[in-house]
There are 2 protein chains.
Amino acid sequence: MAVLLSTKAATMQAWKAALLAVDPSLDIRLHPDAGDPAEIEAAVCWTQHDMAELRRYPKLRLLVSMGAGVDHLLRPPGPPPGVPVARLKDARLTQGMTEWVLLNVLRFHRQDLEYRAQQAARLWEELPAPDTAKRRVGILGLGELGGAAADALRALGFPVMGWTRRPRRREGVECFHGAEGLSAMLARTDILVCLLPLTPETRGVINARSLALLPRGAFVINAARGGHVVAEDLLAALDSGHIAAAALDVFEPEPLPADHPFWGHPRVLVWPHAASITIPESAAPQVVENIHRAREGRPLINLVDFAAGY
Amino acid sequence: MAVLLSTKAATMQAWKAALLAVDPSLDIRLHPDAGDPAEIEAAVCWTQHDMAELRRYPKLRLLVSMGAGVDHLLRPPGPPPGVPVARLKDARLTQGMTEWVLLNVLRFHRQDLEYRAQQAARLWEELPAPDTAKRRVGILGLGELGGAAADALRALGFPVMGWTRRPRRREGVECFHGAEGLSAMLARTDILVCLLPLTPETRGVINARSLALLPRGAFVINAARGGHVVAEDLLAALDSGHIAAAALDVFEPEPLPADHPFWGHPRVLVWPHAASITIPESAAPQVVENIHRAREGRPLINLVDFAAGY
């Protein structure tokens, strides 16, 4: 029985080596050289893989998505019916995201954009000191990534709020849920951080209406999916000065087209979907664990909940 | 008995209000309107105050320096003989410094300068993921500020080393001391953070020799005093590529002259001595506490150790 591996050409060999380091007996086939389709029992795929193609493998009994988000799997045609799908819950992935969120929260909180502009003008001027205890951070999503970011921000002294679709509790985080809860949280949020899964309910959650609910001068940070943000609405809010600045790692489409206004906007920080990168050595053990579990008919870990959409 | 207050014009009234909020009975005189010199029992001064001027007050029994560093007091002529000197140890000051250090460590660690350059070129390209567990941070100084920065960096997963003049221990921090220890730590430091007091022994500690000991591509962060860095040596190391980038909050002299090469250097981030700003409301209680203690002849808190130089 064999494992089909399908990811970007640049990282294919690193993934193969990392999986073999955990279990040297694995028979790994690099897409599109799958060999006999009837031998493929598991597929380990990144977002670019065509779900229709997976229907070629009659004995497929596991699909592993090589990231935290699975929205790409849920678009038609979706994974082959009856094949369980797992995603990654990886400490390194979470750590990388926490660092990226902290970097951008601290950049905005500590007036770094203003100080960079002052440096360009050779201007020596101390700005009023910001008060961490009064800089309220609102996090959309309190899953693996949102929860870890919330804890790290709390540890630095920021008051942290979190919004989820369904009611949820987290130590030290003021929790909101549902449509009413979203409005209530936004009205008090100085720095908004989006770490939601992309589902039909969360698509476009950062739009003209929700941006208008934020206090004037608020900041927007998005490391979830481009589809969470209505780009024209965010640009309008930035240009009116209602939103002070934004840090964006994800876009729709990606790569961000070269003529998109985000690239040259003085109050937008563009990242190339690099806020957190899956590192093969770190993620390989849980992938191999699921391959073994699928082979032996044991319960899988990190399964995607298709009803919830993540 | 009265208190002489002497600081920048912009913050004089805020300090007066903060001190009166703690003890409304205080008789606060704003420099240079001290009134009868014989009535001044305590002086609360920022760095610009002339120490010779303090010799006008025959009954002075307490000098409070409005910051963490006291190097300005130790230059000739120094404070009036026999007058005890206290400095600030303030949680808000420490918190602000920790934020600033984290912001700049994360900026360098997460390749932010490269990603900003890529944005300017509208280039969508993921760089190799950095490994936090292998990014060794070396901190010069493990006092109030260095110790807090070390703890915050450890919590994020960075391996942290610390150097002090005399032997010192701190949980989870690999500690070095003395001249040999300094060389040993520098040889393994990817990001160097200076939070030392400025004393004759630490002046110029970041120089051509110590920079050469750092691995190629290391980063330098200085939030202590401008006198810790030999500016020409750092510029040479940046221009040769041996040092990848620097974040500097402090300079000699300040303000940094408009024609200084740091301002326009693409790999130098200049801050106007704003890494951490003393907030009057936060610092006032310990100042008033020392005024009361001095008046009642009780032991003072946060006294400067003149033998150690901080």
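Numbered from 1 within each chain, the chains take letters A, B, ... in sequence-line order.
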Check this for me: does any side-chain nitrogen of one of A:Lys8 and B:Glu126 sit under 4.0 Å from a carboxylate oxygen of the other?
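Judged by the 4.0 Å cut-off on N to carboxylate O distance, A:Lys8 and B:Glu126 do form a salt bridge.
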
Whether B:Asp259 and A:Arg122 form a salt bridge (side-chain N of Lys/Arg under 4.0 Å from carboxylate O of Asp/Glu) is what I want to check.
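So A:Arg122 does not pair with B:Asp259 through a salt bridge.
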
[Y] side chain reached by [X] side chain, heavy atoms, under 4.5 Å:
X        : Y        : answer
A:Leu269 : B:Arg116 : yes
A:His273 : B:Trp124 : yes
A:Asp131 : B:Arg92  : yes
B:Leu156 : A:Leu102 : yes

Rounded to the nearest 0.5 Å, how far apart are CG of A:Leu103 and CZ of B:Arg107?
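Spacing of CG (A:Leu103) from CZ (B:Arg107) equals 7.5 Å.
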
Let me confirm one number: the CZ-CD distance from A:Arg135 to B:Glu99, rounded to the nearest 0.5 Å.
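So the gap between those two atoms works out to 9.5 Å.
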
Most heavy-atom pairs under 4.5 angstrom with chain A, which of [options]?
options                               : result
B:Val105, B:Leu106, B:Val268, B:Thr98 : B:Leu106
B:Leu123, B:Thr11, B:Asn104           : B:Leu123
B:Ile277, B:Leu127, B:Val270          : B:Val270

Side chain, backbone, both or neither of [X] within contact of chain B (heavy atoms, under 4.5 Å):
X        : result
A:Phe108 : neither
A:Ala275 : backbone
A:Asp249 : backbone
A:Thr278 : neither
A:Leu256 : both

Please rank A:Ala129, A:Ala274, A:Pro255 by heavy-atom pairs under 4.5 Å with chain B and give me the top one.
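Most heavy-atom pairs within the cutoff with chain B belong to A:Pro255.
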
Just give me the residue among A:Gln118, A:Arg110, A:His109 that pairs up with chain B most often, heavy atom to heavy atom, under 4.5 Å.
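Answer, by heavy-atom pair count under 4.5 Å with chain B: A:Arg110.
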
Specify whether A:Tyr115 and B:Trp271 have parallel, tilted or perpendicular ring planes, treating 30° as the upper limit for parallel and 60° as the lower limit for perpendicular.
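A:Tyr115 and B:Trp271: tilted rings.
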
Are there more than 12 heavy atoms of other residues, nucleotides or ligands under 6.0 Å from atom CD of B:Glu171?
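No, not enclosed.
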
B:Ser276 portion near chain A, given a 4.5 angstrom heavy-atom threshold:
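The backbone, not the side chain.
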
